[in-house]
J.: 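Following this message is one structure expressed as structure tokens.
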Amino acid sequence: MDKKNWEIVDPSRLTENEAYRPSLTYWQDAWRRLKKNIGAMIGLAGVVLMLLFGFLGPQFTDFSYSDQNLDYSNLPPRLSIYKLDEDLWVYLSNDYKLLRVTEKGKLIERIERPAELNPRAVIDKKYIFVYGDEEITVDFSYAKRYNDTGEGYRFTIIYRGTTHIEPDKKVGNRVYPFGTDKVGRDLLTRVMYGARISLIVAFIATLVSFFIGVIYGAVSGYEGGKIDNFMMRIVDIINSIPLILLVILLMVMFERGGLWTIIIALGAVYWVGMARLVRGQALSLKNQEFVLAAITLGVSKRKIISRHLIPNAMGPILVSMTMMIPSAVFTESFLSFIGLGVSAPMASWGTLANESLPALTTYPYQLFFPAGAIAITMLAFNFVGDGLRDALDPRLRKG
Amino acid sequence: MEKLLEITNLKTSFFTHFGEVQAVRETTFSMDKGEVLGIVGESGSGKSVTALSIMRLVESPGKIVSGKIIFDGKDITGMTEKEMTEIRGQDIAMIFQDPMTSLNPVYTIRNQMVEVIRRHTDMSRKQALAKAEDMLRLVEIPEPKKRINSYPHEFSGGMKQRAMIATALSCDPKLLIADEPTTALDVTIQAQIIALMKNLKEKLSMSIIIITHDLGVIAEICSRIIVMYGGKIMEEGTSDEIFYEPQNPYTVGLHKSVPRMDSGDRKRLVPIAGSPPDLLSPPGGCPFSPRCPHTMEICLKEHPPKFNLSATHSSACWLLHPESPAVEGYRKGVQRNEG
Amino acid sequence: MKNYFLRRILSALFTIFLIATITFFLMKSVPGGPLTRERALSPEIEAVMIERYNLDAPILEQYFDYMKGLVTFNLGPSFAKIGLSVEELIWKGMPNSFKIGALSVLLIIILGIPIGIISALKQNKPIDYFVMFMATLGVTIPSFVLATGIIYIFAGKLGWIPSFGLNSPLSYIGPVVALSGYSLSFVARLTRSSMLEVLRQDYIRTARANGLRELSVIGKHAIKNALIPVITYIGPMIAAILTGSFVIEKIFAIPGIGRYFVESVTNRDYTVLLGITVFYAAFYVIMVLLVDVAYALVDPRIKFNK
């Protein structure tokens with residue numbers, strides 16, 4: 001065998017192949033792991049998009065959230081249009097308004113329906129519209145049969161002697177991409193404003209409960225003993241009834257529904273969960289060497305809580321906050337839905353969903369968009385929260 | 001002596017997201033009936049996975065990749081899961097490291113023991129209960145009639161391990177595998193449990209495999225010892241050979257890192273520098289080469305073969321090769337013909 | 001053990017008393033009080049009301065009257081539904097609310113737990129991914145959206161179920177599914193993760209090492225342990241169903257307590273609001289108490305001297 005095989009290897013060569021991992025701080029490490037989590041990244045993108053949608057979006061629409069246009073009320077996002085003439089495309093709304101549109105789905109104007117031409121419209125089941133010099137007749141006498149049997153068609157449009165039964169084309173609504181509500185407000189703008197309201201409520205309410213909860217919990221956990229017992233007793237009592245009942249009571253008590261009322265009511269109730277969490281963390285942290293060392297060095301209570309306890313409990317706190325935001329979005333929309341939300345003409349997603357209820361079967365899109373926005377937001381935050389929890393969980397901290 | 005267990009070229013890997021972790025690599029050993037075999041190594045050496053492989057309890061993503069495990073004349077690796085459940089508890093029993101978590105917290109000891117006994121015998125409920133009480137008496141739990149109705153959390157750590165042993169032995173297994181049976185216990189309790197096992201071994205004349213990282217634990221009880229590192233067997237021999245004539249730098253390192261009462265001289269404890277190999281991409285040659293004080297060029301290139309030093313003693317180390325430079329304490333062995 | 005239960009019952013009673021007190025004073029602190037609503041009553045009726053229910057008495061006297069009323073379940077008149085008392089409303093609404101609530105709980109337990117277990121046993125298989133996907137949707141879609149969606153699709157488009165009321169067995173489907181959707185998903189997720197956690201435990205490995213059959217390993221040793229965290233969720237689940245019933249009863253037009261509660265919120269019908277809140281709180285506290293007792297019976301590690 002080769003002589004060289006039996007030479008002793010220099011020890012320095014043995015260690016050079018050992019893999020060195022760069023040392024990362026807690027947060028760098030967490031971020032590195034969060035980045036690897038596809039679900040969390042999609043969620044984060046969703047959150048960012050929703051924020052942009054709510055806060056920058058309204059800059060790019062032509063309407064404000066309160067602009068009404070009764071001519072264009074209850075317009076769906078997709079229009080079934082009829083070609084009456086070479087350059088005459090019309091859309092007939094569910095409540096028999098005739099709108100002139102372009103072939104591409106842009107609204108031009110509402111076609112007049114002079115009262116003097118329609119004295120007995122309800123009896124004749126016929127509307128006569130005037131476009132230029134011509135008359136357009138909409139005959140809806142078929143509607144009864146259609147509604148009873150579900151067959152055939154509901155109306156015909158007669159123009160220059162030609163009868164149109166089937167729409168010629170379905171186009172997207174170019175002016176109101178999400179359609180309009182019952183007073184002709186742009187739903188896209190309103191959903192954007194809804195995002196703004198819902199997210200503001202959720203973020204600030206979460207912040208409020210964060211401040212109350214963290215301070216309360218840290219003090220309770222750090223002090224321990226009788227004080228802790230008493231403080232946690234209060235938390236237990238608040239926690240012993242469904243929190244939403246308390247929020248409703250507070251909302252009713254404040255009388256006037258408004259942005260700040262909801263924020264305060266939510267913040268005033270939801271801090272208890274945070275307080276419990278932080279107390280648990282404080283209890284376990286306060287016996288650790290670095291806190292004991294700080295106490296021995298005579299650091300003040302305030303500083304120990306703010307410099308040592310809270311920063312070290314930040315991981316679980318952050319996870320819990322991420323989870324609190326969707327639940328605040330949910331609660332806010334829930335409150336708005338039962339009529340306790342922000343007052344008109346402001347609207348959150350819950351208000352929009354609530355407004356869509358009476359005409360749900362006719363105009364389902366009015367529910368679809370705000371509901372979709374709520375679901376996407378909840379999903380996005382849940383993904384981020386799950387990802388954060390996995391990323392910050394020290395038990396998984398390796399690899 | 002009749003062979004109870006023969007393991008040939010066992011290879012067990014865990015298929016993780018990062019790649020194949022080769023926990024046990026080409027391991028071959030055997031044990032006789034009535035023998036007490038110790039398997040020693042630090043965490044990650046593959047000793048527990050070897051034991052779980054014998055039980056066929058390696059959990060996903062782990063898998064026995066190749067090799068043969070012949071137990072009592074039957075090949076375990078080829079058995080169906082159903083056949084295995086007949087073997088487990090009946091022919092081979094196993095106890096685990098942490099008695100605190102190894103008993104089901106929501107059932108009484110009685111419930112758990114009776115279930116196991118009735119699973120492998122056709123005793124009535126009453127007979128099984130009597131047998132369970134006998135077993136508790138055997139493992140020296142006081143007032144077994146009363147204590148058997150306790151929940152695990154009402155037992156101390158040592159008592160739990162006794163109950164675990166009682167359950168494991170209740171169907172008179174031919175082989176008991178004890179995976180770090182004392183690691184989670186207080187030192188005084190450790191001694192008691194070892195004494196108990198020694199006692200039981202004589203009474204029940206069974207074979208035992210004890211897996212541990214603590215040489216002290218097995219010194220008293222084992223007749224033969226296998227030293228594992230990086231998923232491979234480094235050295236095997238009788239207790240005396242491993243303790244007084246270690247012929248592998250890893251075994252020597254293990255000895256130096258453990259306090260000895262009998263050596264008399266006041267040597268410092270020397271830890272083995274570095275950390276166990278990354279089994280995702282194990283070093284090409286000898287797994288111990290990065291930490292070995294005598295690493296040679298060949299150690300980095302090729303895994304050492306086994307060198308026989310006596311009928312019972314063999315070691316896988318290039319230092320034992322006739323051509324290697326002489327190092328104090330190491331003899332030259334005879335290369336063993338593998339295959 | 002007896003002491004433990006006694007203490008728990010006393011503390012529950014105390015909590016109910018405290019909630020009633022706080023709610024009462026909160027309501028009384030509302031500027032104007034119950035009679036100054038937008039649609040005020042005629043002066044004659046108002047006078048009769050004040051006379052009959054002692055509404056101009058000092059607040060402490062009213063408080064004692066109210067507490068006396070609570071004990072005898074006599075909660076005062078509704079100011080929006082003239083001629084009805086609050087307890088009559090509760091009695092009237094309870095059967096409906098109870099039926100859909102109980103059915104929902106049943107559905108959650110008999111579907112949610114097995115789904116979670118199956119999903120855990122088939123971890124990372126298509127069925128697991130499907131269950132997890134549905135469950136994630138389930139916990140992110142608000143109940144009112146689910147309810148309106150059900151009405152739109154199954155009552156409106158397909159016409160399979162009635163869109164309101166509780167008049168036929170079919171009409172229960174909509175409200176019960178909408179009411180249980182969230183908790184069902186949550187229980188499935190919780191059971192799954194709890195089951196996965198339990199399957200990693202040493203005692204499961206011990207059970208296998210002792211040669212127990214897989215049926216016993218899963219059905220006996222794993223499930224009981226896996227259900228312990230699920231039991232702790234029952235409290236929040238009841239809360240979710242209570243509050244869920246507000247919107248579900250409103251959307252499906254079911255005359256239940258939840259709908260009366262929402263109406264009392266919109267009408268500012270303070271006595272009804274107060275009465276139902278206390279009723280809900282008491283109900284919830286009692287249910288949580290029962291859950292705790294059940295918990296103590298399932299998990300032998302719970303010590304009764306705490």
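Within every chain, numbering begins at 1; the chains are lettered A, B, ... in the order of the sequence lines, protein sequences first and strands thereafter. FYI, side chains are in, hydrogens and waters are out, and symmetry mates aren't considered; it's all heavy atoms of this structure.
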J.: Please name all residues satisfying side chain to side chain donor-acceptor pair (under 3.5 Å) with C/S11, sequence neighbours left out, ordered by chain then number.
T.: none
J.: Quick one: what part of C/T277 sits under 4.5 Å from any heavy atom of chain A, side chain, backbone, both or neither?
T.: both
J.: Could you have a look at C/I141, C/T148, C/L273 and say which one has the most heavy-atom pairs with chain A under 4.5 angstrom?
T.: C/T148
J.: Quick check on A/A353 against chain C: is it the side chain, the backbone, both or neither that has a heavy atom closer than 4.5 Å?
T.: side chain
J.: If you count heavy-atom pairs under 4.5 Å between each of C/V247, C/V285, C/I238, C/V145 and chain A, which one has the most?
T.: C/V247
J.: Name the option with the most non-hydrogen atom pairs under 4.5 Å to chain A; the candidates are C/L242, C/T140, C/T23, C/I22.
T.: C/T140
J.: Does a side chain donor of either C/Y129 or C/S119 reach within less than 3.5 Å of an acceptor in the other side chain?
T.: no
J.: For A/S356, is it the side chain, the backbone, both, or neither that has a heavy atom closer than 4.5 Å to a heavy atom of chain C?
T.: neither
J.: Give, as side chain, backbone, both or neither, the part of A/N354 having an atom under 4.5 angstrom from any heavy atom of chain C.
T.: side chain
J.: Sort A/L367 into side chain, backbone, both or neither according to what part of it lies under 4.5 angstrom from a heavy atom of chain C.
T.: side chain
J.: List the residues meeting ring-ring contact (aromatic ring centres under 6.0 Å, His included) with A/F337, not counting sequence neighbours, and say none if there are none.
T.: C/F144
J.: Describe, in one word, how the ring planes of A/Y365 and A/Y363 are oriented to each other, choosing from parallel (under 30°), tilted (30 to 60°) and perpendicular (over 60°).
T.: perpendicular
J.: So A/F330 and C/Y182, would you call those rings parallel, tilted or perpendicular, with 30° and 60° as cut-offs?
T.: parallel
J.: Sort C/F261 into side chain, backbone, both or neither according to what part of it lies under 4.5 angstrom from a heavy atom of chain A.
T.: side chain
J.: At a heavy-atom separation under 4.5 Å, does A/F381 approach chain C through its side chain, its backbone, both, or neither?
T.: neither
J.: Could you have a look at A/I244, A/L379, A/I376 and say which one has the most heavy-atom pairs with chain C under 4.5 angstrom?
T.: A/L379
J.: Regarding A/S336 and A/E332, is there a side-chain donor-to-acceptor distance under 3.5 Å anywhere?
T.: yes
J.: Please confirm whether the backbone N or O of C/L190 pairs with a side-chain atom of C/S193, one donor and one acceptor, at under 3.5 Å?
T.: yes
J.: If we count only N and O atoms by modelled type, under 3.5 Å, do the side chains of A/S348 and A/T351 hold a donor and an acceptor together?
T.: yes
